[in-house]
Amino acid sequence: MSLFKKKTRVGDRPVPTHIAIVMDGNGRWAKKRGLPRTAGHKVGAEAFRTIANYAKSIGLKYLSVYTFSTENWKRSEEEVNAIMELLEKYLRELIRDMDKNRVRFCFFGDLSRLSPQLQEEARIAAKESEKYAGVQVNFCLNYGGRAEIIRAAKQFAQDCADGKCKPEELTEERFSDLMYSAGVPDPELVIRPGGELRTSNFLLWQSAYAEYYFTDVLWPDFGPKELEKAIAAYNGRNRRFGGAK
Ligand code: FPP
């Protein structure tokens, strides 16, 4: 039996509760067209907007997107600045249109390294959208899976040192509650467009039993049809969670 409730459907196919996406391929999309990489990120942001709306329309509950990784700081200053500016603009629009879109926003990652402006926008977006219960978008921003696990381990160790708990009390559930994703069910499906076949430090703890879907389609070209294909592939898989065939 599946571990998630198959309530919502695309056509005759059930939709998972939580889908996570590595939005990869913006740079190559731009290069193929003789455009600067930043142009690819711009179109990538629009692709995200379309996918988020579609996700809402099919009743997806959680959509997590790898927006900026802890490793992405290694890119040129020009590119990092352009992505940050794009994010600021995007969050401003998101706050402006919040009542129309009715999406709840969460942020996973260490936001302290971001500009004060971006931190403030993220805080407002999260706070003001708490009231919406339809779909939740988790922006993984300055996020790294290993860093998240280390952060949780430090927190638990500190709680033990403070006498709040004992090491032997640590369970998977308790550890999950120390992740940025506390309270969010694990993703059943992780999608990576852009042709690379790796996880790149994305939701490492949460994806232990996720199904992966890889496609060569570059993120700016990834639309609702591609999402449907990924969901159809997911539905064709036999999820056993370590059990017998
Ligand atoms: C990966 O493509 C993309 C990023 C590292 C940045 C992600 C940013 C966006 C999608 C735009 C902002 C999004 C929102 C939601 C506002 P890449 O640059 O690694 O592409 P490449 O592998 O072809 O070089």
Side-chain angles (χ1 to χ4, degrees), residues 19-56 60 62-98 101 103-111 113-115 117-126 129 135-145 147 180 190-203 214-224 226-227:
I19 294 179
I21 307 181
V22 179
M23 303 184 289
D24 194 21
N26 295 344
R28 278 164 288 159
W29 184 94
K31 194 169 170 211
K32 265 170 64 179
R33 289 162 178 77
L35 298 168
R37 294 178 57 80
T38 50
H41 295 316
K42 224 169 164 175
V43 182
E46 286 314 311
F48 169 73
R49 212 190 289 273
T50 306
I51 286 295
N53 282 331
Y54 183 70
K56 191 177 144 199
L60 187 75
Y62 300 92
L63 175 65
S64 297
V65 282
Y66 212 175
T67 314
F68 194 85
S69 76
T70 45
E71 288 71 37
N72 285 153
W73 296 106
K74 293 181 202 147
R75 297 189 176 201
S76 73
E77 198 181 330
E78 186 195 354
E79 183 171 350
V80 169
N81 287 343
I83 293 175
M84 292 299 155
E85 271 173 35
L86 191 60
L87 276 167
E88 278 181 24
K89 178 172 172 283
Y90 195 88
L91 289 189
R92 272 199 306 276
E93 288 168 6
L94 183 153
I95 293 165
R96 185 195 65 199
D97 300 336
M98 196 173 275
N101 295 327
V103 175
R104 182 174 176 163
F105 298 101
C106 273
F107 295 83
F108 296 175
D110 177 10
L111 303 192
R113 196 171 162 187
L114 307 175
S115 71
Q117 164 86 0
L118 201 45
Q119 288 183 50
E120 178 63 1
E121 282 173 5
R123 195 190 60 76
I124 294 172
S129 68
V135 56
Q136 175 172 319
V137 168
N138 305 312
F139 287 112
C140 299
L141 195 46
N142 193 21
Y143 173 88
Y180 292 117
V190 178
I191 300 172
R192 179 162 191 159
E196 309 285 1
L197 307 179
R198 29 172 201 271
T199 66
S200 295
N201 208 11
F202 186 46
L203 299 177
F214 296 100
T215 169
D216 288 337
V217 172
L218 303 173
W219 173 250
D221 291 328
F222 192 98
E226 299 302 325
L227 185 60

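Both ligands and their constituent atoms are indexed starting at 1 by order of listing. Note: hydrogens, waters and symmetry copies are ignored here, and every other heavy atom, side chains too, is used. Quantities reported herein were computed from a predicted structural model and do not represent experimental measurements. Just so you know, residue 1 is the first one in the sequence shown, and it goes up from there.
Comparing Arg75, Glu196, Arg37 against atom 19 (O) of ligand 1, the shortest heavy-atom distance belongs to Arg75. Remark: among candidates Ala82, Gly40, Ala45, Ala47, the nearest residue to atom 14 (C) of ligand 1 is Ala45, based on non-hydrogen atoms.
From the protein, the heavy atom lying nearest to atom 1 (C) of ligand 1 is Met23 O, 3.0 Å. Scanning the protein for heavy atoms near atom 15 (C) of ligand 1, the closest one is Phe48 CD2, 3.6 Å.
Near Arg28, meaning under 4.0 Å from any of its heavy atoms, are these atoms of ligand 1: 21 (P), 22 (O), 23 (O). Interface of Thr67 with ligand 1, defined as ligand atoms under 4.0 Å from a residue heavy atom, comprises 6 (C), 7 (C), 8 (C). Close approach of ligand 1 to Tyr90 is summarised as follows: ligand atoms under 4.0 Å from at least one heavy atom of the residue are 16 (C). Per-residue contacts place His41 under 4.0 angstrom from the following atoms of ligand 1 (heavy atoms of the residue considered): 3 (C), 4 (C), 6 (C), 11 (C), 18 (O).
Applying the 6.0 Å contact sphere to CD of Glu71 captures more than 12 heavy atoms from other residues, nucleotides or ligands. Residue Glu46 places its CD atom among more than 12 non-hydrogen atoms of other residues, nucleotides or ligands, all under 6.0 Å distant.
Residue contacts with ligand 1 for Asn72 involve side-chain atoms from C-beta outward but no N, CA, C or O (heavy atoms, distance under 4.0 Å).
A donor-acceptor pair under 3.5 Å links the side-chain atoms of Gln119 to the main chain of Leu114, judged by distance alone. Judged by distance alone, with hydrogens and angles left aside, the side-chain atoms of Thr199 form no donor-acceptor pair with the main-chain N or O of Phe202 at under 3.5 Å. Of the possible donor and acceptor atoms, one in the side chain of Ser129 sits under 3.5 Å from a partner among the backbone N and O of Phe105. Checking side-chain atoms of Arg28 against main-chain N and O of Gly194 turns up a donor-acceptor pair under 3.5 Å.
Annotation: Asn26 places an N or O atom under 3.5 Å from an N or O atom of ligand 1; distance criterion only. Backbone and side-chain nitrogen or oxygen atoms of Asp24 are examined, and one is located within less than 3.5 angstrom of a nitrogen or oxygen of ligand 1. In terms of polar-atom proximity, defined here as any N/O pair under 3.5 Å, Gly25 does make such a contact with ligand 1. Remark: ligand 1 and Gly27 share an N or O pair separated by less than 3.5 Å (distance only, no angle test).
Inter-residue side-chain proximity for Ser69 and Asn201 is flagged as unmet; no heavy-atom pair is nearer than 4.5 Å.
For the pair Gly194 and ligand 1, no heavy-atom separation below 4.0 Å is found.
Neither side chain, Arg37 nor Ser76, offers a donor N or O lying under 3.5 Å from an acceptor on the other.
With respect to the salt-bridge test (charged N to carboxylate O, under 4.0 angstrom), the residues Arg123 and Glu120 qualify.
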